[in-house]
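See below for the structure under consideration.
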Amino acid sequence: MKLALSGNEAAAYAMKHINPDVVPAFPITPQTEIMHNFAGFVADGEVDTEMILVESEHSAMSAAVGAASAGARVMTATSANGLALMFEIVYIAASTRLPIVMTVVNRALSGPINIHCDHSDSMGCRDSGWIQIYSENAQEVYDNIIIGMKLAEDMKIRLPVMVCQDGFITSHSIDVVEPLEPETVKNFIGEHKAIYPLLDVENPVTYGPLDLYDYYFEHKRQQVDAMWYVKPTLRQIFADFSKISGRAYDIIEKYFVDDADQVIVTMSSTAGTAKAEVDELRKKGQKAGLLKIKLFRPFPYEEVSEALKNAKHIAVLDRSLSFGADAPLYSEIKSALYNQNKKICSYVFGLGGRDINLEDIKKVFSEIQKLDNTCHDIRFIGLRD
Amino acid sequence: MIELTIIGRGGQGAKTAAQLLAEAAMETGKYVQSFPEYGPERAGAPVKAFTRIDDSLVRVHCAVNNPDIVGVTDPTLLKAVNVTEGLKQSGILVVNTEDSPEAIKKKLNFNGKVFTLDATRISIDTVGKNLPNMPILGAILKATDIVPLDILREMVRHKFEKKIGKDLTDKNILAIEEGHKEVKNA
């Protein structure tokens, strides 16, 4: 059944179908609507979730860590400054190997204060040990949350997952979404299996003890290993998901990339806009393509390297900056291509919600055709002089 | 793909109108997208809401800059906002005003199709309040045929009846029908 849902409503529906045990939440724009909708499902008895209304995001993530350690299936959501306030506990969730799924509705991290979309919030957490999946539209938000839950709880992985969507652009835009049957979702994600739950009082365990130079390093190494399993496991989950939904996904998405001369690499909603421009340029005979990065952590270096082997000119479009260094996505793509002699250029766009339209994308495709050497300076799209 | 912009004043229901149109179009098997412009909104300030309707998945996620259709829910906006900015030459403009379509055409120096109706009066007569979005919706359907009136009527009933009751829902539907009936074009 097709429904007209915003990205936030799609996220709330996914949570409803997952029916988590515990959801600690604190409101922040543009995420608030997810919890507003989900709280309705709780109040109407449509889920069995215990919702904990906390006094800050630091407490939201702390409660998530506590509940997940106790053995519960836990979900939450946040944006921007809320994620920043969680930051300390975000790392603890990952290093304690707790399979929490959190929707991040991407919003510019101040200042000056801005409520609109860019990826500066989740990019600040890219080294926190969380898996990060980025969504192009409301359908992907719904699907990625369900897929993310199964991935987080895989016995080889047991890591928290951030499912990101573009604030307002996706979160507050009505889109056509086909949710699955609740029963199908329930069977797909399966029973939650708690590992060493705190509530198992017959077998007491300790969480969060002091871990100094004797074992800390080994524990970090275990997080590295867990990340290693993500790509093959996620591929298997995508394959299983396509059987129940008819929707086929991969960790990267190639849109007319194989024979393309010019390729734009980007993430989230802008990938959709770029696909529409690729269609236009293909009609005119230009070999344009779009590579969408869906899984940002762990980063799919081999897949990107393979996908871009025929591309002549590459533009990487970032919706965030790393001041004094390469923009986050560009840095990864450049690294993936280190042994290929490619003409590649870094573009930054859309900070604080600045619109990026088809004309902007067209201009990038046209500019990069003329690249003769790797361009070293960041180019800004839609920036005033 | 059809792109539509509704220009209104905060509180007049521009977002609701754009969204209803999208949901009704979805019922006819179309793919849709609908979103408002989020700025520092407050009651009375000029606001915009957008709808895209297509036969296949709507992939673009940018603002609507060159709409096929523009609906204006308040006559005073004609002085405050350039309502035909970006509107296609062959586009359709639907305005809430007491003026005739010819007068608006001349005033705005616009050569596309212009439709006018006194949506303020219609909404006061039917709903009892200045909520011009419903008559404007009816007028847009008359001007464009993008969604059959029946389907929009059902959508409004389905979405509103639980929230605002049967009486007020009937009045809103009447406002749509009156807008559809009264709109004049040039």
Side-chain angles (χ1 to χ4, degrees), chain A residues 1-9 29-30 107 113-117 135-140 165-178 247 255 266 268-280 290 292 319 349-350 353-362 381-382, chain B residues 1-6 14-42 47-67 85-86 88 147 151-152 154-156 158-160 162-163:
Chain A
M1 188 180 53
K2 283 181 183 160
L3 297 176
L5 300 178
S6 69
N8 276 345
E9 288 168 335
T29 302
R107 161 183 157 181
I113 194 152
N114 179 302
I115 57 166
H116 288 282
C117 178
S135 318
E136 180 183 323
N137 51 34
Q139 182 70 64
E140 285 198 10
Q165 61 168 309
D166 282 351
F168 288 104
I169 302 163
T170 307
S171 70
H172 285 62
S173 176
I174 299 292
D175 214 336
V176 178
V177 179
E178 280 187 76
R247 295 186 285 271
Y255 192 75
T266 195
S268 295
S269 68
T270 309
T273 310
K275 283 178 192 172
E277 187 53 36
V278 166
D279 289 348
E280 289 304 308
L290 179 273
K292 178 173 92 183
R319 201 164 198 146
F349 72 97
R354 177 72 48 91
D355 194 37
I356 179 162
N357 59 32
L358 293 165
E359 269 310 304
D360 296 323
I361 304 277
K362 189 176 168 181
I381 303 173
Chain B
M1 181 160 65
I2 296 169
E3 294 182 301
L4 168 136
T5 302
I6 295 186
K15 181 189 167 195
T16 306
Q19 194 170 325
L20 275 171
L21 208 55
E23 293 188 42
M26 194 189 74
E27 287 300 309
T28 69
K30 301 281 187 184
Y31 284 87
V32 296
Q33 198 182 66
S34 180
F35 53 100
E37 186 179 72
Y38 283 95
E41 282 82 17
R42 58 240 176 254
V47 292
K48 283 182 183 174
F50 311 101
T51 297
R52 289 190 169 103
I53 301 172
D54 205 354
D55 293 327
S56 55
L57 179 71
V58 179
R59 287 213 183 94
V60 286
H61 291 281
C62 48
V64 172
N65 292 322
N66 298 107
E85 189 184 8
K88 287 179 184 149
V147 179
I151 292 191
L152 182 70
E154 279 314 300
M155 179 57 65
V156 170
H158 172 74
K159 288 204 59 135
F160 284 16
K162 256 195 213 162
K163 276 190 199 164

Greater than 12 external heavy atoms within 6.0 Å of A/Glu280's CD: yes
Part of residues 14-25 of chain B lying next to chain A, heavy-atom separation under 4.5 Å: B/Gln19, B/Glu23
Shortest non-hydrogen contact from A/Leu358 toward B/Cys62: N-SG, 4.3 Å
Criterion side-chain contact (heavy atoms from CB on, under 4.5 Å) on B/Val58 and A/Val176, from CA distance to verdict: CA-CA 9 Å; B/Val58 179; A/Val176 178; over 6 Å; no
Side chain, backbone, both or neither of A/Asp279 within contact of chain B (heavy atoms, under 4.5 Å): side chain
Distance, nearest 0.5 Å, that separates CG of A/Asp175 from CZ of B/Arg52: 11.0 Å
Exercise: identify the closest heavy-atom pair between B/Arg59 and A/Tyr255: NH1-OH, 3.2 Å
Structural part of A/Ile115 lying under 4.5 Å from a heavy atom of chain B: neither
Reported NZ-to-CG distance for the pair A/Lys275 and B/Leu57, which is rounded to 0.5 angstrom: 8.0 Å
Spacing of OG1 belonging to A/Thr170 relative to CZ belonging to B/Phe35, to within rounding of 0.5 Å: 10.5 Å
Min side-chain heavy-atom separation A/Lys2-B/Tyr31 under 4.5 Å: yes
Any A/Thr270 side-chain heavy atom under 4.5 Å of B/His61 side chain: no
Interatomic distance, B/Thr51 atom OG1 to A/Ile174 atom CD1 [nearest 0.5 angstrom]: 9.5 Å
Atom pair CE/CG of B/Met26 and A/Leu3 - distance to nearest 0.5 Å: 6.0 Å
Per-residue contact mode, A/Asn357 against chain B (heavy atom under 4.5 angstrom): both
Chain B interface, residue from A/Ser173, A/Ala274, A/Ala4 that has the most non-hydrogen pairs under 4.5 Å: A/Ser173
